[in-house]
Amino acid sequence: MLNKVLENVSTIAIGGHIRPDGDCVGSCVGLGQYIRENYSDKTVDIYLKDIPESFHFLNGTETILESVDNEEKIYDLFISLDCGDTDRLEYSKPLFVKAKHTFCVDHHISNIGFAEVNHIVPEASSTSELVYGLLDEEKISKNVAEALYLGIVHDTGVFQYSCAGPETFRVAAKLLEKGIDAPKIIEETFYAKSYAQNLVMGRALMESILFLNGTGIASFIRKDVMEFYGVGPKDLEGIVSQLRVTEGVEVAVFMYELRQNEFKVSLRSKEKVDVSRIAQYFGGGGHKKAAGFTMTGTPFDVLNNLSKQIEEQMEKLEKTQEQ
Ligand code: AMP
Ligand code: MN
Ligand code: MN
């Protein structure tokens, strides 16, 4: 599939979603480096903004372009990775729109297939796993393997979530055979937290509230608090997962303030509730068990609206179980 998509193409742009996470960075850098290493006749530009410091060890991250020099530039091909809709490409969207050809690889259930060629598999653990499937196993270098492994680790919560299926483990095994230092990648990019990150997480957990009889848990962090601790959005990764493991909880909600009374909302569910449907209802998207959206209002408005949606789904589930 990759050979076909790259046919007659010489300039390529790769972009992922706003506030890129591990899977987004891993898939973009992994595919970008693979093309650079194996197709010397093609040039690749990778567009991602503000990636976490701990991902900088990945080969290729030093070439990432954090701004678009010329919005009129026309690439032969734009590859969108791990991005559910074109708006989430954010600053690289104009390049996607102008590109001669477009290709989308993604696993968001909310992705409608916005490119010319689409490879969307909602059941896949991660976009990095899907990218692996496009590559020629023998041509994957250790550097590319590190990037894809990092992506899989992050989207599966270190192979824990139900999205990690047999194929995920097979792919991970193949990547390990490339000689990567897997424990180091897991420790240093997934588990490691700065002191400030731990303080903010502690605060978010301490201030969390239960709702819907303890089946929901929610917490939020305001902008002034983030400024006080000197943390940004990428430092808040992991808080919603920690809320989710609370006993008795089905749905966890974590919000942080983007601008005054505008919140980025993260949703996680254990098994029953499809949070992607809730996120889509509020104009966002994601997966069954991990989704997000942006909303204006006070945190309590957001929670009120959300809890109605969660309750509706739970009631429907109860009814179908009774039948
Ligand atoms: P997050 O809570 O930001 O970690 O996101 C969980 C999942 O939902 C990720 O796969 C995101 O790409 C996706 N997601 C988050 N926010 C949005 C949004 N506004 N629109 C579409 N998908 C989103
Ligand atoms: Mn992502
Ligand atoms: Mn992903």
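Position 1 is the first residue of the sequence; numbering continues from there.
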Derivation of the side chain to side chain contact (heavy atoms under 4.5 Å, CB included) call for L89 and F78: CA-CA 11 Å; L89 287 170; F78 190 110; 4.2 Å; yes
same_hphob_cluster(I46, I51) at 4.5 Å side-chain heavy-atom cutoff: yes
side-chain hydrogen bond (donor to acceptor under 3.5 Å, both in side chains) partners of T63, counting only residues at least two apart: R36
With T43 via side-chain hydrogen bond (donor to acceptor under 3.5 Å, both in side chains) - residues at least two apart: none
Parallel, tilted or perpendicular: ring planes of H287 versus H107, cut at 30 and 60 degrees: tilted
side-chain hydrogen bond (donor to acceptor under 3.5 Å, both in side chains) involving S10 - partner list, sequence neighbours excluded: D76
Set of residues satisfying salt bridge (charged side-chain N to carboxylate O under 4.0 Å, His left out) with respect to K93, sequence neighbours excluded: D87
F228 atom CZ: more than 12 heavy-atom contacts under 6.0 Å: no
Set of residues satisfying side-chain contact (heavy atoms from CB on, under 4.5 Å) with respect to N70, sequence neighbours excluded: E72, K73
Contacts of Y75 that satisfy ring-ring contact (aromatic ring centres under 6.0 Å, His included) - sequence neighbours left out: none
Plane angle bin for H108 and H17 - parallel if under 30°, tilted between 30 and 60°, otherwise perpendicular: perpendicular
Same apolar cluster: L306 and V251, side chain cutoff 4.5 Å: yes
Same cluster (ILVMFWY, side-chain, under 4.5 Å), Y256 and M206: no
K289 to Y161 six-membered ring, cation-pi geometry met (6.0 Å, 45°): no
L81 with F114, same ILVMFWY side-chain cluster at under 4.5 Å: no
Set of residues satisfying side-chain contact (heavy atoms from CB on, under 4.5 Å) with respect to Q313, sequence neighbours excluded: V273, D274, R277, I278
Side chain to side chain donor-acceptor pair (under 3.5 Å) contacts touching residues 167-185 (sequence neighbours left out): E129-T168, E167-R170
Minimum side-chain heavy-atom gap D155-S128 below 4.5 Å: no
E66 atom CD, over 12 foreign heavy atoms within 6.0 Å: yes
Joint cluster assignment, V144 & Y39, ILVMFWY side-chain distance < 4.5 Å: yes
Listed partners of K139 passing salt bridge (charged side-chain N to carboxylate O under 4.0 Å, His left out), at least two apart: D136
Results of side-chain hydrogen bond (donor to acceptor under 3.5 Å, both in side chains) for N118 - residues two or more places apart only: none
Donor-acceptor contact present, side-chain N111 to main-chain C83, <3.5 Å: yes
Atom CZ of F57: over 12 foreign heavy atoms under 6.0 Å: yes
Donor-acceptor contact below 3.5 Å, side chain E250 vs main chain S269: no
Residues which pass salt bridge (charged side-chain N to carboxylate O under 4.0 Å, His left out) with E257, listed by chain and number, not counting sequence neighbours: R222
H154-F55 aromatic ring centre distance below 6.0 Å: yes
Partner residues of K193 under the salt bridge (charged side-chain N to carboxylate O under 4.0 Å, His left out) criterion, sequence neighbours left out: none
